[in-house]
Each structure stands twice: as structure tokens, then as C-alpha cells.
Number of protein chains: 2
Amino acid sequence: MILRKIMNKAIKIFKALSDKNRLRILLMLTKKKLCVCEIQDILSITVSTVSKHLSILRDAGFILDEKDGKWVNYRLNTTSKDMILNQVILILPFYLNDDELIKSDLIKVQSVNRKNLCKI
Amino acid sequence: MILRKIMNKAIKIFKALSDKNRLRILLMLTKKKLCVCEIQDILSITVSTVSKHLSILRDAGFILDEKDGKWVNYRLNTTSKDMILNQVILILPFYLNDDELIKSDLIKVQSVNRKNLCKI
DNA sequence: TAGTAATTTCGCTATTAAACGAAATGATAT
DNA sequence: ATATCATTTCGTTTAATAGCGAAATTACTA
């Protein structure tokens, strides 16, 4: 029963990684925790789509959420015991380091500020 | 130009890994090189679908093909310089080792024989 | 308690991907 | 060279996924 789920877990992880915006989110979260509207601002897609991406990353085990006032902070899960998940989180920053889009995302992350962004 | 392709390469690799039959194929190829009809026999899907999966794995860099008489042998690419690709090939066997479907695939691989299978 | 703001969920549309069978291709062997 | 067989490509159908906007939810705050 449990054993038959191993491959499904792997597939869920790899599917989560198969989308450009989700890779961008993961890389941003290596720099700091972010709320939905901060991510929305950088990706330039709707807030509902961001929320969906975050739930896919959470289901796969990559990120955790925590309430912070009226915001929800999302951050990388650094406590997972999953071998693939840990390796990916380790390798991705090196791998995507030189990607132009990732580079500009990471610059924007430094100065993004939820207090200026929100009030949808 | 080239740099903008880094993320697309990553996405291609993760998409290739996001399918059950392709994971099964990769694991089988860790044991020995196989032709299309041998893989078809174990997966129980049509030969054209197997061929499509193999082309996706080849495009992502996971496997290589070589002619062998009237057959085409597919084998793992162990010469890649790609960081993600190498790590995945290293980790996957450990990760999927206990999956029941993978276990039965790997038993079947031992005795599969193209000479008995073919004549579609 | 009512209002407001952040986030999630729902319903929909458009695109992508997996599967099949049939036809085309490539290569061996008679 | 022709027949045969393994594989690939093509055309189609069906299922999954990313995106949007609107409605629902959750939780501060006035």
C-alpha cells in the first residue's frame, strides 16, 4: 500500500518542478520568505494562479506556509527527509544561477515590500 | 541567448521525469540496454507510445540509442555533464527501489528476450 | 460587529501531453 | 529487389494543467 505510493511521490515532486513559474518561486524562496502578493508582483500573473502554484509546491513538500498577521508567509521546507526533494533544493540554485530571468527575479526579491504592494 | 535556455533545459528534464512509464523505463535501463519491443512487453503499452517516451527521455539527455542489427538499443547516458541529470540517475534507483511496480519490472527485465517477443 | 484586505476556491477556457492505430521509414535477410 | 520486421511518425481522441476573473473564505482592525 504505502510502498506503491513511492513512485507517485516522485512524480508529484517532478511535476511540481516542471513549470517555469514554480521554479522561479522556489528560487525566490531561497532568498527569503514571501507572501502571495509579493510573488504575484514579481511573476506578473494573477494572485489566484500564484496561490495554485504554491499549493502544488506545498503538496510536493517543497514549501511550508505560516500565518503572519493578514499575510501568509511561504518559505522553503528545509526539514524534509525526502532524498530527491533535498537534493533538488541543494542543486537548483547552482543550476539556475545564470538564468537571466532568475537573476532579475532575485534582484527584485531584495527590494520587494508587501506594505506597498497590497490593497488589491 | 544561451543563458535564457538554462531554465528550459531544467524544465525539459523534470517533465521527462514526471511520467510513470518513463520512470519505469529509466529504472529498467539501469539494469541493461533494451530495445523498444522489450520495453513494450514489460510496460504493456503500444510500441508507438514507447517510442514517444523514449524520444522524450533522449531529448532530455537521459538515454542514448544505438543500432544493433534490426533493433535499436536504448541505454542510460552515463557521460552527461548535466548536474541535475547525473544526480537524478544516481538517486532514482535508491528512491524507487521499494516500489512494487519497479521491483516487478526489474525482475522481468532479467529474463526478457527480444528474439521471443518480436514479429509484431 | 462590521468592514477591509489577503488568500483560496470555483468555474471556465486554452494549451499541452499521453495514448492508440495506421501509415511511413529504415534496415536486414532471403 | 523484395519481403519482412523493428521502429518512428502522423492524425486523432481524451485527460491533465496553467491561466483568468469572480465568489468564497479567513482574519485583522477600526
Side-chain angles (χ1 to χ4, degrees), chain A residues 7-8 11-26 29 33-60 63-75 101 112-120, chain B residues 7-8 11-26 29 33-60 63-75 101 112-120:
Chain A
M7 186 151 46
N8 291 333
I11 291 170
K12 188 178 276 193
I13 289 173
F14 291 130
K15 270 193 206 297
L17 294 165
S18 304
D19 179 90
K20 183 171 72 168
N21 285 327
R22 288 196 291 270
L23 289 180
R24 293 173 70 187
I25 291 171
L26 280 182
L29 293 179
K33 45 176 78 167
L34 294 166
C35 70
V36 175
C37 66
E38 289 172 321
I39 295 169
Q40 189 269 331
D41 181 61
I42 296 174
L43 296 185
S44 297
I45 56 179
T46 65
V47 122
S48 69
T49 303
V50 172
S51 179
K52 179 67 177 160
H53 282 312
L54 289 167
S55 81
I56 290 169
L57 288 170
R58 175 163 23 77
D59 279 5
I63 61 177
L64 301 170
D65 53 6
E66 57 197 6
K67 269 286 185 188
D68 172 24
K70 55 183 174 180
W71 290 285
V72 178
N73 280 327
Y74 283 91
R75 60 185 177 82
L101 189 53
V112 82
N113 184 342
R114 68 188 64 178
K115 302 230 168 71
N116 307 330
L117 289 174
C118 297
K119 292 185 213 310
I120 305 174
Chain B
M7 186 150 48
N8 291 333
I11 291 170
K12 188 179 274 193
I13 288 173
F14 292 130
K15 269 195 207 295
L17 294 165
S18 304
D19 179 271
K20 183 171 73 166
N21 285 327
R22 288 196 290 270
L23 288 180
R24 294 173 70 186
I25 292 171
L26 280 182
L29 293 179
K33 46 176 78 167
L34 295 166
C35 69
V36 175
C37 66
E38 288 171 321
I39 295 169
Q40 190 269 331
D41 181 60
I42 296 174
L43 297 185
S44 296
I45 55 180
T46 64
V47 124
S48 68
T49 303
V50 172
S51 179
K52 177 69 176 162
H53 282 311
L54 288 167
S55 80
I56 290 169
L57 289 170
R58 176 163 22 77
D59 278 4
I63 61 176
L64 301 171
D65 53 5
E66 57 196 4
K67 269 287 186 186
D68 171 25
K70 55 182 172 177
W71 289 286
V72 178
N73 280 327
Y74 283 91
R75 59 185 177 83
L101 189 52
V112 80
N113 184 341
R114 68 189 62 179
K115 300 231 169 70
N116 306 331
L117 290 173
C118 299
K119 289 189 214 315
I120 306 176

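Remember, predicted model here, so these are calculated numbers, not experimental data. So you know, we letter chains A, B, ... as the sequences are listed, proteins then strands, and number each from 1. The figures here come from the full heavy-atom set of this structure, side chains too, leaving out hydrogens, waters and symmetry mates.
- Atom CD1 of A:Ile63 is separated from atom P of C:dT7 by 13 Å (rounded to the nearest Å).
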Between the protein and nucleotides 22-24 of chain C, list the N/O to N/O atom pairs that are separated by less than 3.5 angstrom.
none

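- One can place CG of B:Asp65 at 13 Å from C1' of C:dG26, the figure rounded to the nearest angstrom.
- If you take CD of A:Glu66 and C1' of D:dT26, they are 17 Å apart, rounded to a whole angstrom.
- The side chain of B:Tyr74 has D:dT8 as its nearest neighbour among D:dT7, D:dT8, C:dT8.
- Counting all heavy atoms, side chain and backbone alike, B:Gln40 lies closest to B:Thr46 at CG-C, 3.9 Å.
- Salt-bridge formation is detected for the pair B:Arg114/B:Asp68: a Lys NZ or Arg NE/NH1/NH2 atom is positioned less than 4.0 Å from an Asp or Glu carboxylate oxygen.
- B:Gln40 places its CD atom 13 Å from the P atom of D:dT8, with the value rounded to the nearest Å.
- The distance between atom CG of B:Leu34 and atom P of D:dA6, rounded to the nearest whole Å, is 15 Å.
- In this structure, the CG atom of A:Leu54 is 13 Å from the P atom of D:dA18, given to the nearest Å.
- Spacing between atom CZ of A:Arg24 and atom C1' of D:dA18 amounts to 14 Å, rounded to whole angstrom units.
- Shortest non-hydrogen contact noted between B:Val36 and B:Leu54 is CG2-CD1, 3.8 Å.
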Pairs: protein N or O with nucleotides 27-30 of chain C N or O, under 3.5 Å:
none

All N/O pairs under 3.5 Å across the protein-nucleotides 12-19 of chain C interface:
| unit_1 | atom_1 | unit_2 | atom_2 | d |
| --- | --- | --- | --- | --- |
| C:dA18 | OP1 | B:Arg22 | NH1 | 2.9 |
| C:dA18 | OP1 | B:Arg22 | NH2 | 2.7 |
| C:dA19 | OP1 | B:Asn21 | ND2 | 3.1 |
| C:dA19 | OP2 | B:His53 | NE2 | 2.4 |

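- Two residues are said to be in side-chain contact when any heavy atoms from C-beta on lie closer than 4.5 Å; B:Asp65 and B:Tyr74 meet this criterion.
- One can place CD1 of A:Ile11 at 11 Å from P of D:dT17, the figure rounded to the nearest angstrom.
- In plain terms, the two heavy atoms of B:Asn21 and B:His53 that are nearest each other are CB-NE2, 3.9 Å.
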